[in-house]
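Structure record follows, encoded as structure tokens.
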Amino acid sequence: MTDSPNTSEPPEAPVCRRLVGRTAVVTGAGSGIGLATARRLASEGARVVCADIDESAGKAAADEVGGLYVRVDVTDPEQVEALFKTAYDTYGSVDVAFNNAGISPPDDDSILTTGLDAWKRVQEVNLTSVYLCCKAALPYMRRQGKGSIINTASFVAVMGAATSQISYTASKGGVLAMSRELGVQFAREGIRVNALCPGPVNTPLLKELFAKDPERAARRLVHIPVGRFAEPEEIAAAVAFLASDDSSFVNAAEFLVDGGIAGAYVTPV
């Protein structure tokens with residue numbers, strides 16, 4: 001993907017050390033937003049547990065950030081519970097849970113063409129997994145009396161698109177609603193739960209999708225006021241903020257990082 005000629009490059013990340021001594025669990029850590037976030041959290045001092053179903057990518061991520069790799073199928077309750085137990089047993093706390101694993105398969109399209117199997121598969125990976133990760137992380141955070149849970153939703157959780165991926169959109173709406181409810185329920189126990197809502201991000205998943213259909217990419221790009229897709233590092237910076245005490249009064253929020261999409265009616269030419 002190329003930026004439009006009058007847009008600036010994303011700024012370099014500042015050097016921050018806001019997460020020293022904290023343990024962060026990142027699902028989907030092997031690539032894209034998850035990998036960028038593992039790098040960012042580690043750079044801020046966190047001990048990062050890199051969870052991914054892809055052993056090669058997950059191990060590479062953990063090795064790079066000096067963290068711990070745990071293979072996990074995020075739709076399996078026992079494996080998810082084992083992930084957070086391993087994090088606690090290894091490092092002595094569970095301070096941050098970035099529940100980020102998700103899929104966007106090509107057979108999830110318009111409601112007119114998406115089959116029930118595709119619907120269920122996306123719901124399991126994108127929504128049920130977040131439920132399982134929150135359920136597993138919360139007991140550790142409640143005992144500690146503190147913690148930050150960041151669940152990856154999407155800007156499509158707050159607005160509609162004619163280029164629908166019906167199960168993906170519905171799953172992200174569920175993540176947003178669940179995050180809001182958990183944030184309210186556990187706020188007075190020192191636990192914050194927020195839904196991160198990225199716009200389109202320049203990840204391998206998006207590149208693969210749009211490389212096959214440049215017109216589909218162009219149709220989306222025109223709606224982004226800043227004129228480009230986000231870089232994974234920009235989303236990782238938002239995760240680091242939500243994980244840190246700098247966001248101590250941010251809770252039960254739909255945290256949009258979308259380049260202005262949700263606020264736009266007509267974009268610049």
Side-chain angles (χ1 to χ4, degrees), residues 12-52 57-72 74 80-102 129-130 133-134 136-152 179 182-183 186 189-196 198 201 231-251 253 255 257:
E12 290 188 11
V15 178
C16 302
R17 297 289 288 176
R18 297 175 292 187
L19 302 173
V20 174
R22 300 187 190 183
T23 304
V25 178
V26 178
T27 64
S31 65
I33 294 170
L35 177 57
T37 299
R39 290 168 173 160
R40 178 61 185 256
L41 299 184
S43 77
E44 296 215 16
R47 302 168 300 219
V48 183
V49 179
C50 297
D52 206 291
K59 285 179 180 176
D63 289 344
E64 179 183 341
V65 303
L68 175 69
Y69 169 66
V70 178
R71 186 190 183 280
V72 61
V74 291
V80 171
E81 288 179 11
L83 165 65
F84 286 92
K85 184 177 187 302
T86 299
Y88 180 82
D89 289 347
T90 303
Y91 295 121
S93 65
V94 176
D95 304 291
V96 178
F98 181 40
N99 302 321
N100 168 69
S129 75
V130 175
C133 287
C134 289
L138 277 164
Y140 298 102
M141 294 181 176
R142 294 183 75 194
R143 287 202 296 268
Q144 296 164 184
K146 62 179 181 177
S148 176
I149 296 175
I150 304 114
N151 296 324
T152 300
S179 302
L182 295 178
F186 295 101
E189 296 186 50
I191 300 166
R192 296 181 296 110
V193 185
N194 291 290
L196 180 70
V201 184
E231 293 301 322
E233 292 76 15
E234 293 176 292
I235 309 303
V239 179
F241 169 70
L242 292 172
S244 77
D245 292 341
D246 283 350
S247 61
S248 57
F249 207 61
V250 180
N251 183 43
F255 200 84
V257 188

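Since this is a predicted model, take the numbers as computed values, not measurements.
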Exercise. What closest approach, in Å, do Ala238 and Val257 show between heavy atoms, and which atom pair accounts for it?
Worked result: CB-CG2, 3.7 Å
Exercise. Between CG of Leu35 and SG of Cys50, what distance do you get to the nearest 0.5 Å?
Worked result: 8.0 Å
Problem set entry | For the student: nearest non-hydrogen atoms of Phe84 and Ala136, plus distance | CD1-CB, 3.6 Å
For this session: Given side chain to side chain contact (heavy atoms under 4.5 Å, CB included), test Phe241 with Arg18 step by step and report yes or no.
Result: CA-CA 9 Å; Phe241 169 70; Arg18 297 175 292 187; 4.2 Å; yes
Exercise. Is there a donor-acceptor contact under 3.5 Å from the side chain of Asn251 to the main chain of Val193?
Worked result: yes
For this session: List the steps, then state whether side chain to side chain contact (heavy atoms under 4.5 Å, CB included) holds for Leu138 with Ile191.
Result: CA-CA 8 Å; Leu138 277 164; Ile191 300 166; 4.0 Å; yes
For this session: Under the salt bridge (Lys or Arg N to Asp or Glu O under 4.0 Å) rule, what do Glu233 and Arg40 come out as? Steps first, then yes or no, please.
Result: CA-CA 8 Å; Glu233 292 76 15; Arg40 178 61 185 256; over 6 Å; no
Problem set entry | Distance-minimising heavy-atom pair for Ala253 and Val250 | CB-CG1, 4.1 Å
Exercise. Does the side chain of Val96 come within less than 4.5 Å of Val25's, by heavy atoms?
Worked result: no
Exercise. Is the shortest heavy-atom distance from the side chain of Phe98 to the side chain of Ile33 under 4.5 Å?
Worked result: yes
For this session: Could you check if a side-chain atom of Asn151 sits within less than 4.5 angstrom of a side-chain atom of Asn194, using non-hydrogen atoms only?
Result: no
Problem set entry | Interatomic spacing from CD1 in Ile149 to SG in Cys134 - rounded to 0.5 Å | 4.5 Å
For this session: In sequence, state the C-alpha distance, the side-chain angles, and the governing distance for Thr23 and Ser93, and then conclude on side chain to side chain contact (heavy atoms under 4.5 Å, CB included).
Result: CA-CA 6 Å; Thr23 304; Ser93 65; 3.2 Å; yes
For this session: Ignoring hydrogens and angles, tell me if any N or O in the side chain of Thr27 forms a donor-acceptor pair with the backbone of Asn100 under 3.5 Å.
Result: yes
Problem set entry | Donor-acceptor pair, side chain of Tyr88 and main chain of Leu83, under 3.5 angstrom | no
For this session: Measure the CD-CZ distance between Glu64 and Arg39 for me, rounded to the nearest 0.5 Å.
Result: 4.0 Å
Exercise. Is there side-chain contact between Val72 and Val80, with at least one heavy-atom pair below 4.5 Å?
Worked result: yes
Exercise. With side chains defined as the heavy atoms from C-beta onward, is the minimum distance between Thr152 and Asn99 less than 4.5 Å?
Worked result: no
Exercise. Do Arg22 and Asp245 pass the salt bridge (Lys or Arg N to Asp or Glu O under 4.0 Å) test, and can you show the C-alpha distance, the side-chain angles, and the key distance before you say yes or no?
Worked result: CA-CA 12 Å; Arg22 300 187 190 183; Asp245 292 341; 2.7 Å; yes
For this session: Determine, stepwise, if the pair Tyr140 / Lys85 fulfils side chain to side chain contact (heavy atoms under 4.5 Å, CB included).
Result: CA-CA 9 Å; Tyr140 298 102; Lys85 184 177 187 302; 3.4 Å; yes
Exercise. Between the side chain of Arg47 and the main-chain N/O of Gly21, is any donor-acceptor distance below 3.5 Å?
Worked result: yes
Exercise. If you take all heavy atoms of Ser43 and Arg17, which pair is closest and at what distance?
Worked result: O-NH1, 3.0 Å
Seminar exercise, completed: Heavy-atom nearest pair, Leu19 first then Ala243, reads CD2-O, 3.8 Å
For this session: Spell out, as yes or no, whether a donor-acceptor pair under 3.5 Å connects the side chain of Ser244 to the backbone of Asp246.
Result: yes
Problem set entry | Taking every non-hydrogen atom, the tightest pair across Val48 and Ala42 | CG2-N, 3.7 Å
Exercise. Do any pairs count as a salt bridge (charged side-chain N to carboxylate O under 4.0 Å, His left out) and have a residue in residues 24-34, sequence neighbours left out, and if so which ones?
Worked result: none
Problem set entry | Side chain to side chain, Val49 and Thr90, heavy atoms closer than 4.5 Å | no
For this session: Could you tell me whether a side-chain N or O of Ser129 sits under 3.5 Å from a main-chain N or O of Val74, the two making a donor and an acceptor?
Result: no
Exercise. Is a side-chain N or O of Asp52 found less than 3.5 angstrom from the main chain of Gly30, in a donor-acceptor match?
Worked result: yes
Problem set entry | Within 6.0 Å of CZ in Arg142, more than 12 heavy atoms from elsewhere | no
Exercise. Where the side chain of Glu234 meets the backbone of Glu231, is there a donor-acceptor pair that is under 3.5 Å apart?
Worked result: yes
Problem set entry | Value rounded to 0.5 Å, distance of CZ in Arg192 from CE in Met141 | 10.0 Å
